[in-house]
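Right, one structure below, let's go through it.
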Amino acid sequence: MENTKDLAFDTFCKLLLHTFISQTEHTSRAGRKRRDSFGMFDGYDSCSEDTSSSSSSDESEEEVAPLPSSLPIIKNNGQVYTYPDGKSGMATCEMCGMVGVRDAFYSKTKRFCSVSCSRSYSSNSKKASILARLQVGKPPTKKAKVLQKQPLVAKLAAYAQYQATLQNQAKTKAAVPVEGFSWGNYINSNSFTAAPVTCFKHAPMGTCWGDISEGVRVEVPNTDCSLPTKVFWIAGIVKLAGYNALLRYEGFENDSSLDFWCNVCGSDIHPVGWCATSGKPLVPPRTIQHKYTNWKAFLVKRLTGAKTLPPDFSQKVSESMQYPFKTSMRVEVVDKTHLCRTRVAVVESVIGGRLRLVYEESEDKTDDFWCHMYSPLIHHIGWSRSIGHRFKRSDITKKQDGHFDAPPHLFMKVKEVDAAGEWFKEGMKLEAIDPLNLSAICVATIRKVLADGYLMIGIDGSEAADGSDWFCYHATSPSIFPVGFCEINMIELTPPRGYTKLPFKWFDYLRETDSIAAPVKLFNKEVPNHGFHVGMKLEAVDLMEPRLVCVATVTRIIHRLLRIHFDGWEDEYDQWVDCESPDLYPVGWCQLTGYQLQPPAPQSSRDSQSSSSKQKKKAKSQQYKGHKKMTSLQLKEELLDGEEYSFLQGASDQESNGSASYYIKQEP
């Protein structure tokens, strides 16, 4: 026994001098795939005869796709709308002064021409929203341009609102401590749980986070010390929240008085043994240095057999934050003013894999769009022509100096599909997340079948007559669903605008419209073992204002579909997002990458939301920004035709996908 203790002591001394840390190999376990309940809706597939066919992929920018002649056409300030009910009447927007068709206006009282104007109007009392947007350099009233061809009065009203915002900025600045928000305090004070880094494969270290968990030991700066030089001490992870860890210095036992939060990927976090190899001093904290006379013996006992970071951890972090997209690269990206087409844009900046794209024709570089480099909204130059997608030709005849096309291999690849046999056809019905109202899953129609598995989708009842708000989804997209998906999973389905036969029944609607449902077997049924659970915290992009990354919570999980709630805001601003969306990030991502995090709205803003949101109703705009709303979620008691079906909740434990923690070798 004496020999064993001496050997252990000698081993630890060598560890301090030579960083004697052994690697424990771990084998990753393959993620399990779950079956879903899509197959329950095959009965809808044959409700009526299929009378439509695939369209040609050739289309120029000037071509207009007609809608059924049975829909009345309404013109509103240069924009053409169609509504099943054909209601008319005029109204004036209280925000921008725009005069238009009353039925196309937002809210029950029809006070605003769009949800953007409604939100901008109420943002005077929503101090958090104003400051959050000013933080990133743009006034919130920028969204007053959400409708095309606005009259001069609209621009003047927007400018007046902007001036008022600037005048009030000094008064409201104290209301939102943007820089003072602390994830650690927020997690601790509310006992929240954060989604693990392994849930985000696109984020730094997402695929090599491994077994970093509570109990892992690291070497960190010792802040409880009176020495003039920087010294270090060993600490253990008490709690993990995304990239952030709550650390406790060795020797404090159950005393949490000096616990502190830090980012595990930060430059001051090192594996045990780093100080020995780097010549840095290990000094116990002043508060506890009297507890032991032999600190080496104490550390031998505490560290033998414990886990630490791998020696190359910092190198892996650095490598995972290298992004292939560079400034001045040209790409094709969705036109936020006409969703049905793409435009050429240039990469202006890259932050954490997120791209600020400036449309090529923007002379002052203010016409921009934010998205992740793996977003399905961006493509290589020539993509639109290759699949038959609409494309806005640039007035610029040649590339500007220094601009060059991004290589095609940099973009996210979609799954290959076989469209030779039974395939999607024009006119087929389905359910889809509304790109202009991400809190809603709506009744939708396939308007055009493109090449390589791409589809143009229109939201029934509120489409522009020229198809300018059609949206391109791939056949494997997790944002489109078979008929009946919402009902079987107890999600509120948004019926076509003006449809009066409520509650909405798919069988009746298919017969009335003489259409058929898209075959269930054509939809993406893969459900990855994503690891998310209801209540988990994360950082999420506000896709209706995509330059903003906000504090958010997972509030519901249906298979691979997540409902994301923005903390401090009304449920109407929630978003349905895929579990593998590149617009979701671990807690601490903004701090790690240097991106601005938008904190939860304070109580004053929440009260304002509560009073204003009661009058709100879903509306559509022609620009891919500006919050939309869906009515509160209602769980339906009846399933399809009274039959009983089972469905999965879609949440499961995340399996380890690699080894990123090492064990300190225990000598026999």
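What you are looking at is a predicted structure, and each value in this text was computed from that prediction instead of being measured. In this chain, numbering begins with 1 at the start of the sequence shown.
- In this structure, Val551 and Pro599 approach most closely via the heavy-atom pair CG2-CA, 4.1 Å.
- Under a 4.0 Å N-O distance rule, the pair Arg547/Asp542 does not qualify as a salt bridge.
- Residues His565 and Val554 fail the side-chain proximity criterion, which asks for heavy atoms closer than 4.5 Å.
- No donor-acceptor distance shorter than 3.5 angstrom exists from the side chain of Glu539 to the backbone of Val549, with no hydrogens or angles considered.
- Using cut-offs of 30° and 60° for the angle between ring planes, the His372 and His202 rings count as perpendicular.
- The CH2 atom of Trp423 lies 10.5 Å from the CE atom of Met428; values are rounded to the nearest 0.5 Å.
- In this structure a side-chain-to-backbone donor-acceptor pair under 3.5 Å is present from Asp469 to Ala464.
- Under the rule for a side-chain contact (heavy atoms from CB on, under 4.5 Å), the partners of Thr342 that lie at least two apart in sequence or sit in another chain are Glu332, Trp383, Ser384, His389, Phe391.
- Under the 6.0 Å cut-off for aromatic ring centres, Phe481 and Trp576 do not qualify, their centroids lying 6.0 Å or more apart.
- Contact record, Ala552 with Ala540: CB-CB, 3.8 Å, taken as the closest heavy-atom pair.
- When side chains are defined from C-beta on, Thr494 does not count as touching Phe504, because their heavy atoms never get closer than 4.5 Å.
- The two residues Ile491 and Phe485 come nearest to each other via the heavy atoms CD1-CE2, 4.0 Å.
- When every heavy atom of Phe181 is checked against every heavy atom of Pro600, the shortest pair comes out as CE1-CD, 3.6 Å.
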Could you walk me through whether Leu493 and Val443 pass side chain to side chain contact (heavy atoms under 4.5 Å, CB included), step by step? CA-CA 7 Å; Leu493 175 67; Val443 174; 3.8 Å; yes

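- With sequence neighbours excluded, the residues satisfying side-chain contact (heavy atoms from CB on, under 4.5 Å) with Asp578 are Pro478, Arg560, Glu580.
- Here the SG-CZ distance, from Cys550 to Phe566, works out to 5.0 Å after rounding to the nearest 0.5 Å.
- Contact record, Cys579 with Phe532: O-CE1, 3.5 Å, taken as the closest heavy-atom pair.
- Ring to ring, Tyr509 and Tyr499 are close: their centroids are under 6.0 angstrom apart.
- Atom CZ of Phe471 is separated from atom SG of Cys340 by 11.0 Å, given to the nearest 0.5 angstrom.
- One N or O on the side chain of Ser375 and one on the backbone of Leu377 form a donor-acceptor pair closer than 3.5 Å.
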Starting from the C-alpha separation in whole Å, work towards a yes-or-no answer on side chain to side chain contact (heavy atoms under 4.5 Å, CB included) for Leu355 and Val331. CA-CA 11 Å; Leu355 312 178; Val331 301; 5.8 Å; no

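- The backbone N or O of Lys392 lies less than 3.5 Å from no partner atom in the side chain of His338, so there is not a single donor-acceptor pair.
- Listed for the Asn524 side chain is a donor-acceptor partner under 3.5 Å among the backbone atoms of Thr476.
- The shortest side-chain heavy-atom distance between Asp583 and Val577 does not fall under the 4.5 Å cut-off.
- Atom SG of residue Cys442 and atom CG of residue Asn437 lie 6.5 Å apart, to the nearest 0.5 angstrom.
- Using a distance-only test at 3.5 Å, with no hydrogens or angles considered, no donor-acceptor pair links the side chain of His530 to the main chain of Val527.
- Separation of the Phe424 and Phe523 ring centroids falls under the 6.0 Å cut-off.
- Side-chain contact between Met456 and Leu450 is present, with at least one heavy-atom pair separated by less than 4.5 Å.
- Aromatic ring centres of Tyr585 and Phe200 lie farther apart than the 6.0 Å criterion allows.
- Here CZ of Arg563 is found 10.0 Å from CG of Leu438. Values are rounded to the nearest 0.5 Å.
- The line from NZ of Lys425 to CG of Leu455 is 13.5 Å long, rounded to the nearest 0.5 Å.
- In this structure, Lys336 is not positioned above the aromatic face of Phe369 in the sense of NZ or CZ being under 6.0 Å from the six-membered ring centre and within 45° of the axis.
- Partners of Arg343 by salt bridge (Lys or Arg N to Asp or Glu O under 4.0 Å), not counting sequence neighbours, listed by chain and number: Asp335, Glu361, Asp367.
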List the steps, then state whether side chain to side chain contact (heavy atoms under 4.5 Å, CB included) holds for Asp567 with Lys537. CA-CA 9 Å; Asp567 289 19; Lys537 297 293 180 181; 2.7 Å; yes

Given Asn489 and His559, is the side chain to side chain contact (heavy atoms under 4.5 Å, CB included) satisfied, shown in steps? CA-CA 9 Å; Asn489 289 292; His559 305 307; 3.4 Å; yes

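- At a threshold of 4.5 Å between non-hydrogen side-chain atoms, the residues Val541 and Trp370 do not count as touching.
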How far apart are the C-alpha atoms of Lys429 and Asp460, what are their side-chain angles, what is the distance that settles it, and do they pass the salt bridge (Lys or Arg N to Asp or Glu O under 4.0 Å) test? CA-CA 9 Å; Lys429 300 293 183 181; Asp460 283 22; 2.8 Å; yes

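- The residues Asp574 and Arg556 are annotated as not salt-bridged, no charged nitrogen and carboxylate oxygen being separated by less than 4.0 angstrom.
- Counting non-hydrogen atoms of neighbouring residues, nucleotides and ligands closer than 6.0 angstrom, the OH atom of Tyr374 reaches no more than 12 such neighbours.
- Inter-residue side-chain proximity for Leu561 and Ile441 is flagged as met; some heavy-atom pair is nearer than 4.5 Å.
- Thr553 places no side-chain N or O within 3.5 Å of a backbone atom of Thr555 that could act as its donor or acceptor partner.
- Two residues are said to be in side-chain contact when any heavy atoms from C-beta on lie closer than 4.5 Å; Lys448 and Ile446 fail this criterion.
- Closest approach of Leu357 and Cys371 over heavy atoms only: CD1-SG, 3.9 Å.
- Between Trp470 and Ile459, the closest side-chain pair of non-hydrogen atoms is not below 4.5 Å.
- Counting only distance, with no hydrogens or angles, the side chain of Glu431 and the backbone of Cys486 share a donor-acceptor pair below 3.5 Å.
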